Protein chains: 2
Amino acid sequence: MKTTVPKKLFQKAEKLIKDKSLSVTEPRKNILAFLLKNHGPFSMEEIHDGLGKNACDLATVYRCIVLFENSNLVERRYLGDEILRYEYKDMDHHHHHIVCRICKSVSKMKYCFISEIEQMIRDKGYSDITHSLEFFGVCAKCNQK
Amino acid sequence: MKTTVPKKLFQKAEKLIKDKSLSVTEPRKNILAFLLKNHGPFSMEEIHDGLGKNACDLATVYRCIVLFENSNLVERRYLGDEILRYEYKDMDHHHHHIVCRICKSVSKMKYCFISEIEQMIRDKGYSDITHSLEFFGVCAKCNQK
DNA sequence: AATTTTTTGCAAATAATTTGCATTAATTCT
DNA sequence: AGAATTAATGCAAATTATTTGCAAAAAATT
């Protein structure tokens with residue numbers, strides 16, 4: 001991954017962090033800017049590598065991602081293997097993923113109509129309902145082989 | 001957990017294992033019977049403990065569960081924390097879960113109408129589609145406190 | 001600019017999962 | 001059914017992933 005991140009995204013990252021009243025540090029800016037640039041989701045290691053070596057310690061990635069997750073800036077994804085991955089949580093673009101079981105490619109799915117189910121759950125007395133929805137399959141390319 | 005498992009379930013477990021042409025061993029029977037008796041889903045440790053001490057080694061639980069998963073006898077669940085859990089995969093009773101974010105209680109949800117989405121994904125060239133769908137919220141009890 | 005508070009890097013600790021291998025158990029083959 | 005073969009298990013050790021303590025560095029506050 002390891003791509004150059006435009007200055008604009010650093011500024012956006014900085015603003016997002018500030019708006020959550022978190023202190024703005026180099027590692028945090030780098031990590032969030034990386035996630036703004038690249039859709040992911042990425043594992044901790046992938047994020048660490050993506051920043052380029054010596055950007056910050058892996059332990060710092062763990063700490064920042066957990067912080068971002070608690071601040072609702074980052075969303076954790078479970079994609080069927082044992083690795084947890086993270087991506088920027090864009091409130092305006094709720095979506096899910098389709099993961100190929102063979103090549104592990106991930107493609108975005110913007111459709112999601114489970115609000116009816118959520119309403120049912122709300123009727124049972126639950127509040128603050130969220131969901132996790134991912135699809136798995138064998139993609140067209142892998143089917144050809 | 002650690003409940004006594006009726007003989008009938010041991011026999012059912014044995015049959016299920018045999019039908020997948022896997023060798024039938026004590027640990028495998030115990031583990032599957034435990035999952036037939038208790039809904040779960042359970043972590044590796046919970047399964048191990050549930051069998052009663054000295055039933056088999058924890059490493060054996062890992063090996064058996066992975067085997068069962070590959071044979072489609074057991075289903076892996078991601079419930080929002082970092083622990084993966086497993087339950088018996090009853091082909092006739094596809095379902096999902098609602099997890100309370102506070103007390104972690106898990107309740108079953110038999111509703112699932114995402115076949116339309118799966119069709120869309122199929123149209124994109126994917127095959128063998130499955131999905132993972134879990135809901136999270138704060139349950140009625142926890143809301144009272 | 002100085003002080004206080006928070007975060008980071010590094011190393012070490014912990015926890016989770018996997019593996020090698022000798023032993024034991026299950027299956028297969030007379 | 002019993003011997004031979006194959007596969008699974010237990011145990012310990014190795015590996016991997018994640019977390020933590022603490023001194024140093026950086027950010028926020030004054």
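What you see below is based on every heavy atom in this structure, not just the backbone, and it leaves out hydrogens, waters and symmetry mates. Here the structure is a predicted model, which is why all the values come from computation and not from measurement. Order of the sequence lines fixes the chain letters, A, B, ..., with proteins taken first and strands second; residue numbering starts at 1 for each chain.
Between the side chains of A/Glu118 and A/His131, at least one donor N or O lies within less than 3.5 Å of an accepting N or O. No hydrogens or angles considered: nothing links the side chains of B/His95 and B/Glu75 as a donor-acceptor pair under 3.5 Å.
No continuous path of hydrophobic side-chain contacts links A/Val99 to A/Met109 [ILVMFWY only; heavy atoms under 4.5 Å].
For the pair A/His48 (side chain) and A/Cys56 (backbone), a donor-acceptor distance under 3.5 Å is present.
Across the helix from C/dA1-D/dT30 to C/dT30-D/dA1, the helix axis at one end is tilted relative to the axis at the other end by 50° (nearest 10 degrees, each axis from five pairs).
Computed from coordinates, the B/Lys29 NZ to C/dA26 C1' distance equals 11 Å when rounded to whole Å. Rounded to whole Å, atom P of C/dT17 lies 10 Å from atom CZ of B/Arg76. Atom CG in A/Asp81 sits about 12 Å away from atom P in C/dT18, given to the nearest Å.
Residue A/Val66 belongs to no hydrophobic cluster, having no ILVMFWY side-chain heavy atom closer than 4.5 Å to its own.
Taken from CG in B/Leu133 to NE2 in A/His96, the straight-line distance is 8.0 Å, to the nearest 0.5 Å.
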Contact string for nucleotides 8-18 of chain D, one letter per nucleotide 5' to 3', B = base within protein heavy-atom range under 4.0 Å, S = sugar-phosphate only, - = neither, reads SSBB-----SS
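When side chains are defined from C-beta on, B/Arg28 counts as touching B/Ser23, because their heavy atoms get closer than 4.5 Å.
More than 12 heavy-atom neighbours from other residues, nucleotides or ligands sit within 6.0 angstrom of NZ on A/Lys20.
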